[in-house]
**Q** 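I'd like to ask some things about the structure below.
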Number of protein chains: 2
Amino acid sequence: MKITSRFTVAVHTLLVIYTFGKEQKVTSDFIAASVRVNPVVIRRTLSSLKAAGMIDVKAGSGGASIVKDLKDITLYDVYTAVDAGSDEQGGLFHFHENPNPACPVGKNIHTVLDGHLADAQRAMERELEKVTLYDLTQDLKKFTKFVF
Amino acid sequence: MKITSRFTVAVHTLLVIYTFGKEQKVTSDFIAASVRVNPVVIRRTLSSLKAAGMIDVKAGSGGASIVKDLKDITLYDVYTAVDAGSDEQGGLFHFHENPNPACPVGKNIHTVLDGHLADAQRAMERELEKVTLYDLTQDLKKFTKFVF
DNA sequence: TATCGCTGTAATTAAAAAGATTACAACAAA
DNA sequence: TTTGTTGTAATCTTTTTAATTACAGCGATA
């Protein structure tokens with residue numbers, strides 16, 4: 001599973017909902033205008049975030065709102081919410097698929113490598129777990145407080 | 001930079017050279033038969049590993065050999081040798097490219113996220129630094145000693 | 001209850017990225 | 001000088017991702 005832009009789009013989306021949600025109805029078109037992607041991409045993102053219990057989306061009347069404490073949403077949570085299943089076996093690394101089983105190296109390459117690759121991926125994920133969406137809103141404030 | 005199979009192919013390649021190098025000439029065709037990819041893919045891999053000072057490749061007569069102590073080659077070294085520059089800006093994460101600068105979120109999303117993404121990538125890379133190719137050969141022996 | 005704006009989602013197209021493959025010049029040894 | 005191999009460019013194929021089109025369904029509201 002290579003890490004696609006779905007992840008950064010989702011983080012961006014949550015921050016837009018947080019930033020504007022109290023003042024106005026935040027629609028997929030509105031978010032799309034900030035992220036600059038097609039609104040359908042945002043709707044799919046909203047769908048994933050909703051399934052993960054992070055937001056509520058009003059069908060019909062429109063508008064998304066955050067329903068989970070941002071202190072309880074980590075970057076890792078967002079990452080799994082939108083990127084889970086984007087690749088069948090969940091690996092960050094692409095493994096060449098058909099090593100020759102008749103060769104002692106080809107036969108065992110998976111066995112000797114897979115664990116280390118999983119460790120590396122877990123290390124990355126643990127780092128994402130350290131950062132909450134709340135942290136990001138605080139950082140955002142630093143940069144926007146002079147603008148408003 | 002998503003992590004392509006170049007990385008696992010390169011590790012596989014080094015292990016094949018190590019395993020068979022003393023007994024026979026290890027050509028790109030031979031390695032390709034173990035990895036099961038096109039020989040040209042192996043030649044490109046060999047080219048990168050050679051540029052990184054890990055192996056020597058004999059043009060003309062053919063054959064690759066390891067010239068650096070495997071204890072001094074980490075998975076991270078292999079990773080950078082073959083995957084460096086596979087993506088322009090070196091990021092593991094794909095960032096959506098044109099956030100709207102007129103929006104306070106779009107304007108600052110990079111600033112608040114980039115550091116955390118870089119941290120996550122570094123955590124992954126540090127984990128790869130912990131494993132040497134020598135370690136892998138020892139693991140391989142465990143699985144092959146009953147075969148030979 | 002008819003309308004309007006918006007969501008949900010399927011289907012299709014386009015674009016990008018990665019490998020595979022073809023081709024062939026250069027090279028080294030026998 | 002023949003043979004087997006490397007180095008590398010060029011081209012296709014495949015896969016993946018994102019963009020786009022299309023439209024049914026929903027909910028507020030007039």
Side-chain angles (χ1 to χ4, degrees), chain A residues 1-10 12-13 17 21 24-33 35-51 55-65 82-99, chain B residues 1-10 12-13 17 21 24-33 35-51 55-65 82-99:
Chain A
M1 171 205 317
K2 297 147 274 177
I3 299 177
T4 66
S5 63
R6 277 201 285 282
F7 172 51
T8 58
V9 166
H12 191 147
T13 293
I17 298 172
Q24 58 193 268
K25 185 167 71 172
V26 181
T27 67
S28 57
D29 275 34
F30 181 84
I31 300 167
V35 181
R36 296 243 215 161
V37 295
N38 194 285
V40 176
V41 172
I42 298 298
R43 290 192 205 127
R44 276 195 280 259
T45 303
L46 293 174
S47 183
S48 297
L49 296 177
K50 183 181 177 182
I55 64 172
D56 184 49
V57 186
K58 286 227 170 347
S61 54
S65 55
V82 297
D83 256 327
S86 82
D87 189 17
E88 60 303 325
Q89 37 86 59
L92 173 64
F93 298 89
H94 264 229
F95 213 109
H96 53 287
E97 309 230 302
N98 300 303
Chain B
M1 173 205 315
K2 296 148 278 179
I3 301 177
T4 68
S5 63
R6 278 202 283 281
F7 172 52
T8 59
V9 167
H12 192 148
T13 293
I17 298 172
Q24 58 196 269
K25 183 167 72 171
V26 181
T27 68
S28 57
D29 274 33
F30 181 83
I31 300 167
V35 181
R36 297 244 214 158
V37 295
N38 194 285
V40 176
V41 172
I42 298 298
R43 288 191 206 128
R44 276 195 280 256
T45 302
L46 292 174
S47 184
S48 297
L49 296 176
K50 183 181 178 181
I55 63 172
D56 185 50
V57 186
K58 285 224 169 351
S61 54
S65 54
V82 298
D83 255 327
S86 80
D87 190 17
E88 61 302 329
Q89 36 89 52
L92 173 63
F93 298 88
H94 264 232
F95 214 109
H96 53 287
E97 310 228 305
N98 299 304

**Q** Check nucleotides 9-14 of chain C against the protein and report each pair of N or O atoms closer than 3.5 Å, with its distance, or say if there are none.
**A**
{"residue": "C:dT9", "atom": "O4", "partner": "A:Arg43", "partner atom": "NH1", "Å": "3.4"}

**Q** Would you please name every residue forming a side chain to side chain contact (heavy atoms under 4.5 Å, CB included) with B:Thr27, sequence neighbours left out?
**A** B:Lys25, B:Asp29, B:Phe30

**Q** Rounded to whole Å, how long is the line connecting atom CG of A:Asp29 with atom P of C:dT7?
**A**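 Going from A:Asp29 (CG) to C:dT7 (P), I get 7 Å.
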
**Q** Taking the minimum atom-to-atom distance to the side chain of B:Val57, which one of D:dG7, D:dA18, C:dG8 wins?
**A**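 For the B:Val57 side chain, the nearest candidate turns out to be D:dG7.
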
**Q** To the nearest Å, how far apart are B:Phe93 CZ and D:dT17 P?
**A**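 In whole Å, D:dT17 P and B:Phe93 CZ are 15 Å from each other.
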
**Q** I need the NE2-P distance between B:His94 and D:dT16, as an integer number of Å.
**A**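 That distance rounds to 14 Å.
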
**Q** I need the A:Ile31 CD1 to A:Ile17 CD1 distance, nearest 0.5 Å.
**A**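 Going from the CD1 atom of A:Ile31 to the CD1 atom of A:Ile17 covers 4.5 Å.
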
**Q** Taking only side-chain N and O atoms of B:Ser5, does any of them lie within less than 4.0 angstrom of OP1 or OP2 on C:dG19?
**A** yes

**Q** I'd like to check the salt bridge (charged side-chain N to carboxylate O under 4.0 Å, His left out) partners of B:Asp56; sequence neighbours left out, ordered by chain and number.
**A**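 Result, salt bridge (charged side-chain N to carboxylate O under 4.0 Å, His left out) vs B:Asp56: B:Lys58.
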
**Q** Starting at atom CD1 of B:Ile31, determine the distance to atom P of D:dG7, rounded to an integer number of angstrom.
**A** 11 Å

**Q** With respect to the phosphate group of C:dG19, does any side-chain polar atom (N or O) of B:Thr4 fall under 4.0 Å of OP1 or OP2?
**A** yes

**Q** For A:Arg43, which residues count as a side chain to side chain donor-acceptor pair (under 3.5 Å) partner, sequence neighbours excluded?
**A** A:Ser28

**Q** Could you pull out all residues at least two apart from A:Val57 that satisfy side chain to side chain contact (heavy atoms under 4.5 Å, CB included)?
**A**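 For A:Val57 the side chain to side chain contact (heavy atoms under 4.5 Å, CB included) partners, ignoring immediate neighbours, are A:Leu46, A:Lys50, A:Ile55, A:Ala64.
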
**Q** Enter the distance from A:Ile42:CD1 to A:Thr13:OG1 here, rounded to the nearest 0.5 Å.
**A**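 One finds 4.0 Å between CD1 of A:Ile42 and OG1 of A:Thr13.
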
**Q** Would you mind reading off the distance between A:Lys25 atom NZ and D:dC26 atom C1', rounded to a whole angstrom?
**A**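 So the two atoms are 12 Å apart, to the nearest Å.
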
**Q** Name the one of B:His96, B:His94, B:Glu97 that satisfies side chain to side chain donor-acceptor pair (under 3.5 Å) with A:Thr8?
**A**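 It is B:His96, the one option of B:His96, B:His94, B:Glu97 that forms the side chain to side chain donor-acceptor pair (under 3.5 Å) with A:Thr8.
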
**Q** Would you mind reading off the distance between A:Ile55 atom CD1 and C:dG8 atom C1', rounded to a whole angstrom?
**A** 13 Å

**Q** Side-chain N or O of A:Thr27 less than 4.0 angstrom from OP1 or OP2 on C:dC6?
**A**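 Checking A:Thr27 against C:dC6: no side-chain N or O falls below 4.0 Å of OP1 or OP2.
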
**Q** Consider the side chain of A:Arg6, meaning its heavy atoms from C-beta on, and name the nucleotide among D:dT21, C:dG19, D:dA18 that approaches it most closely.
**A** D:dA18

**Q** With a 4.0 Å cutoff (strictly under), does any side-chain N or O of A:Lys50 reach OP1 or OP2 of C:dT7?
**A**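 No, no such contact exists.
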
**Q** Rounded to the nearest 0.5 Å, what's the gap from CG on A:Asp83 to CD1 on A:Ile3? Could you check?
**A** 7.0 Å

**Q** Could you run down nucleotides 25-30 of chain C 5' to 3' and tag each one B, S or - for protein heavy-atom contact under 4.0 Å?
**A** --BSS-

**Q** Between D:dC12 atom P and B:Asn38 atom CG, what is the distance in whole Å?
**A** 16 Å

**Q** When you look at A:Val37 and A:Thr45, which way does the side-chain contact (heavy atoms from CB on, under 4.5 Å) test go after all the steps?
**A** CA-CA 11 Å; A:Val37 295; A:Thr45 303; over 6 Å; no

**Q** In whole angstroms, how far is the P atom of D:dT17 from the CD atom of B:Glu97?
**A**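 So the CD-P distance, B:Glu97 to D:dT17, works out to 15 Å.
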
